[in-house]
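Take a look at the structure below.
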Amino acid sequence: MTKYKLKKIHIIRGHENRTRNKEFMMLRIGDFSENELSYHYFQIPSDAVIDVYFQMEDKLSILRVMFGMQEKQFYVQLFTYDHTTLRYKEEIIDEQMKSSPIFSKLLQNIHIYGSNHFSFITTKNMKNREN
């Protein structure tokens, strides 16, 4: 099973919004290391863009998850270390990785709590509640 370890979180805010916005939300991120799920909690501004990096167990791949709070945009990128150039290069996330339970669980464990409570990823069961 592939493990993802939270490596870094970066909060990006526009210069004009640094002093005006006093609203904060709680961000909960889960990572999988040592065969268990661990949660990390962060207080974030409600107008921020959040950039999260997870290191995969091979330590040669980095999964980047970036999302904007106001725009409700969500991006996922995969970077793999290239030994010939000694740099990380962007890779396409293949179907096997997208469909893996651990990848889905990692994305489903990103939650935002506050006045605008939401989650970017929903499960199939949550989508079909009316049925």
Side-chain angles (χ1 to χ4, degrees):
M1 178 189 316
T2 304
K3 296 178 192 130
Y4 299 92
K5 181 179 179 183
L6 180 64
K7 200 67 177 160
K8 173 180 150 180
I9 182 168
H10 186 73
I11 298 172
I12 305 163
R13 296 182 71 189
H15 180 68
E16 65 279 354
N17 292 330
R18 290 183 187 194
T19 56
R20 283 191 213 155
N21 187 355
K22 305 268 190 229
E23 273 190 56
F24 287 89
M25 302 172 86
M26 186 64 69
L27 170 66
R28 182 187 79 182
I29 298 176
D31 74 358
F32 301 91
S33 54
E34 306 301 324
N35 291 329
E36 61 182 54
L37 174 65
S38 300
Y39 288 110
H40 306 275
Y41 294 88
F42 303 94
Q43 186 175 12
I44 57 169
S46 61
D47 61 346
V49 174
I50 311 299
D51 202 1
V52 183
Y53 295 84
F54 293 94
Q55 185 176 43
M56 295 172 73
E57 71 180 329
D58 61 7
K59 298 192 179 182
L60 298 175
S61 299
I62 294 175
L63 184 70
R64 178 186 188 197
V65 179
M66 187 168 126
F67 47 95
M69 303 304 291
Q70 288 183 325
E71 301 85 13
K72 306 263 193 294
Q73 295 175 335
F74 188 80
Y75 304 96
V76 179
Q77 293 176 296
L78 177 66
F79 297 94
T80 304
Y81 191 75
D82 184 357
H83 292 286
T84 57
T85 61
L86 303 177
R87 300 179 84 168
Y88 283 93
K89 65 177 185 174
E90 187 172 0
E91 296 285 333
I92 296 174
I93 298 175
D94 61 8
E95 288 302 317
Q96 180 183 1
M97 184 175 183
K98 282 184 203 177
S99 62
S100 71
I102 195 83
F103 183 74
S104 297
K105 194 169 184 177
L106 177 79
L107 294 179
Q108 289 169 0
N109 278 296
I110 297 174
H111 291 276
I112 295 100
Y113 302 97
S115 59
N116 278 334
H117 172 83
F118 65 93
S119 178
F120 283 99
I121 306 296
T122 59
T123 63
K124 187 175 180 181
N125 293 338
M126 291 173 74
K127 287 181 187 176
N128 296 327
R129 278 197 179 166
E130 298 89 35
N131 298 340

For residues [X] and [Y]: do they belong to one hydrophobic cluster (side chain heavy atoms under 4.5 Å, members Ile, Leu, Val, Met, Phe, Trp, Tyr)?
X: Ile112; Y: Ile50; result: yes
X: Val52; Y: Ile62; result: no
X: Tyr53; Y: Ile11; result: no
X: Leu60; Y: Leu6; result: no

For Lys98, salt bridge (charged side-chain N to carboxylate O under 4.0 Å, His left out) partners two or more places apart = Glu95
task = Identify the heavy atoms of Gly30 and Leu106 that sit nearest to each other, and give their distance.
result = O-CD1, 3.2 Å
ask   = If every non-hydrogen atom of His111 is compared with every non-hydrogen atom of Gln108, which pair is closest and at what distance?
value = NE2-O, 2.9 Å
From CD1 (Ile9) to CG (Leu27), nearest 0.5 Å = 5.0 Å
Run the side-chain contact (heavy atoms from CB on, under 4.5 Å) test against [X] and tell me which residues pass, sequence neighbours left out.
X: Glu90; value: Gln77, Phe79
X: His10; value: Lys8, Ile12, Asp51
X: Met97; value: Tyr4, Met56, Leu63, Leu78, Ile93, Asp94, Phe103
X: Thr85; value: Asp82, Arg87

Residues clustered with Ile92, ILVMFWY side-chain links under 4.5 angstrom = none
ask   = What residues form a side-chain hydrogen bond (donor to acceptor under 3.5 Å, both in side chains) with Tyr39, not counting sequence neighbours?
value =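 For Tyr39, the residues satisfying side-chain hydrogen bond (donor to acceptor under 3.5 Å, both in side chains) (neighbours in sequence not counted) are Asn109.
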inquiry  = List the residues meeting side-chain hydrogen bond (donor to acceptor under 3.5 Å, both in side chains) with Tyr75, not counting sequence neighbours, and say none if there are none.
reply    = Gln73
request  = For Tyr81, enumerate each residue passing the ring pair (Phe, Tyr, Trp, His ring centres under 6.0 Å) test, keeping only those at least two apart in sequence or located in another chain.
outcome  = His83, Tyr88
inquiry  = Which residue in the set Gln55, Lys7, His40 passes side chain to side chain donor-acceptor pair (under 3.5 Å) when paired with Asp31?
reply    = His40
